[in-house]
Amino acid sequence: MAKETLSITDNRTGKQYEIPIEEGGVIRAAALRDIKTSADDFGLMSYDPAFTNTASCRSRITFIDGDKGILRYRGYPIEELAEKSNYLEVAYLIVKGELPDRKHYAAWESNIKTHTMIHENVKKFMEGFRYDAHPMGMLVSTIGALSTFYPEAAQIHDLESRRLQTRRLIGKVPTLAAFAYRHTRGLPYVYPDNSLSYTGNFLSMLFRMTEREYKPNPTLERALDVLFILHADHEQNCSANAMRSVGSSQVDPYSAVAAATAALYGPLHGGANEAVIRMLVEIGSPKNVPEFIKGVKEGKRRLMGFGHRVYKNYDPRAKIVKKIAYEVFEVTGRNPLIDISLELEKIALEDDYFVSRKLYPNVDFYTGVTYQAMGFPMQMFPVLFAIPRTSGWMAQWAEMVRDPEQKIARPRQVYIGEQTRHWTPIEHRPEPTMREDAVSDQI
Ligand code: CMC
């Protein structure tokens, strides 16, 4: 039988090394450190900007096969969960590893709902934001501020404390998100209504006006629930990595979730759905699509909502969102921007530029048009991503905290700067000459 090892010859020394291959295709980067030219040599390092080929952890939460377009939470295919489950049940699955039975589901739901209220002081500092503050900026700050209300959250090695903070965060993030939205509208905040479902209550906190009883439209409530399922986790993406990296300093989970939310804010991550709508509005009409695609191919622009670090096939979530979009349009009326999306998708999927780079629609391509039809302003789109992702972040964080192999995240660098130089008085310094390769370093 073939050996599960990798043989390396260091041509500098002629020495041979044998490195074990684990998990069917993984070598430990630390094994490279043994490959040295002398006893005081640091040893070899791997250089991997943006972690494109580095596993930072061993995880049991989410599985993605990017080439085949497969996504599973704890082994369950995303398609089955989106069709048959609801967000709270999926959050339980992600956080605890198994689907709940009736008794555990009821307890979980009740525990989350117990924590939907926020301290009145949070409301007060929410009021301090400018009228036009981006709700995602408000969310980042208020989630971080929660750590000051729950100092016991610093006990990250205490299981009961971790459970409590998880319930609090999943319960409170929709309330913070809704308050941020109401703030931008100058509307009074609506307190949680725990007689409603998780998503129904969120819709109530967003859209309730003077009605005595708010009844969410069941199609829109279900659509939002499915969108929440699709966004609940996505293995080691930028924000999960931020959650783990910041959490590895053993800071409390509110601070780590604030960092993860900040990572999600960026246009290459959770901000992409907002960027997609801006792009569609700019294109204006399906007839302008070929011209736009030409600009993308010339490298002037990116086609937002397309491409993915892991999926080199159609993102399975995008397929489900496309279907949801039409269900939502049945209630809200068709969002005319969908025609531009369809034309973009059609042209891009036939074009060699996109085909050769394996660029397909990702989850953000159709979420924006769906959210917009549901009445959400663009600035709320990344917020709608952050709410369900909170369960994923907490699961990733708890897995990291319990993992005996994990330590504070601290990558190495390849230093390419100056070697030792000596300080000279200012009057003796020559006119600075800027090296060409240093120009990009300047801020
Ligand atoms: N439009 C045009 N060209 C693209 C795009 C795009 N959207 N995405 C990648 N490319 C090209 C890129 O220019 C490069 O071409 P070349 O090899 O000629 O230089 C090649 O494809 C590989 O791209 P990359 O930037 O090395 O790929 P990456 O894995 O670093 O980037 C990505 C992944 C998602 C940041 C990128 O595809 C992108 O910017 N997409 C648009 C933003 C977007 O939709 N983001 C949401 C991601 S899904 C939600 C989430 O998980 O947060």
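Counting convention: from 1, in listed order, for ligands and their atoms alike.
- Around CD of E98, the count of heavy atoms belonging to other residues, nucleotides or ligands within 6.0 Å does not exceed 12.
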> Passes side chain to side chain donor-acceptor pair (under 3.5 Å), S239 versus N237? Steps please.
Replying inline: CA-CA 6 Å; S239 58; N237 53 80; 2.9 Å; yes

>> Could you go through H234 and Y311, starting from their C-alpha distance and side-chain angles, then the distance that decides it, and tell me whether this counts as ring pair (Phe, Tyr, Trp, His ring centres under 6.0 Å)?
In response: CA-CA 11 Å; H234 212 227; Y311 292 116; 5.2 Å; yes

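- Checking atom 46 (C) of ligand 1 against the protein gives a heavy-atom contact under 4.0 Å.
- Contact check for R163 versus V95: no side-chain heavy atoms found under the 4.5 Å cut-off.
- Here the heavy atom of the protein found nearest to atom 42 (C) of ligand 1 is M304 CE, 3.4 Å.
- At a heavy-atom distance under 4.0 Å, only side-chain atoms of Y353, from C-beta outward, approach ligand 1.
- The closest protein non-hydrogen atom to atom 50 (C) of ligand 1 is H269 ND1, 3.5 Å.
- Side-chain contact annotation: H104 with D101, donor-acceptor N/O pair under 3.5 Å present.
- Checked against a 3.5 angstrom limit, the closest N/O atoms of L303 and ligand 1 fall inside it.
- The closest approach between any non-hydrogen atom of N237 and ligand 1 is not below 4.0 Å.
- Within 4.0 Å of atom 27 (O) of ligand 1, not a single protein heavy atom is present.
- Remark: the Q236 side chain and the N241 side chain contain no N/O donor-acceptor pair separated by less than 3.5 Å.
- Taking atom 49 (C) of ligand 1 as the reference point, the nearest protein heavy-atom neighbour is D364 OD2, 3.1 Å.
- There is a protein heavy atom closer than 4.0 angstrom to atom 30 (O) of ligand 1.
- Both the backbone and the side chain of R309 come within 4.0 Å of ligand 1, counting heavy atoms alone.
- In terms of protein heavy-atom proximity, atom 16 (P) of ligand 1 is nearest to R357 NE, 3.6 Å.
- The proximity of L268 to ligand 1, defined as any non-hydrogen pair under 4.0 Å, involves the side chain as well as the backbone.
- In R58, the CZ atom is not crowded: 12 or fewer heavy atoms of neighbouring residues, nucleotides or ligands sit closer than 6.0 Å.
- When hydrogens are left out, the protein atom nearest atom 51 (O) of ligand 1 is H308 NE2, 3.5 Å; that is the closest non-hydrogen contact.
- Counting protein heavy atoms only, atom 40 (N) of ligand 1 is closest to F306 O, 2.9 Å.
- Remark: of the listed residues T199, D225, L81, D225 is the sole one forming a side chain to side chain contact (heavy atoms under 4.5 Å, CB included) with N86.
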> Under the ring pair (Phe, Tyr, Trp, His ring centres under 6.0 Å) criterion, do Y254 and Y150 qualify, and how do the steps go?
Replying inline: CA-CA 9 Å; Y254 299 97; Y150 307 111; 5.6 Å; yes

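- Residues E345 and S341 bring no donor and acceptor atom of their side chains to less than 3.5 Å of each other.
- Only the side chain of L359 comes within contact range of ligand 1, with a heavy atom under 4.0 Å; no backbone atom does.
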>> Evaluate F228 against V90 for side chain to side chain contact (heavy atoms under 4.5 Å, CB included), listing each step before the verdict.
In response: CA-CA 9 Å; F228 277 9; V90 169; over 6 Å; no

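- By the 3.5 Å distance cut-off applied to N or O atoms, G305 is counted among the residues near ligand 1.
- G307 O, 3.7 Å is the protein heavy atom nearest to atom 34 (C) of ligand 1.
- Of all protein heavy atoms, the one lying nearest to atom 32 (C) of ligand 1 is R302 NH1, 4.4 Å.
- Taking the six-membered ring for Trp and the full ring otherwise, F207 and F376 have centroids separated by under 6.0 Å.
- Using a 4.0 Å cut-off to heavy atoms of A272, the atoms of ligand 1 that qualify are 43 (C), 44 (O), 45 (N), 46 (C).
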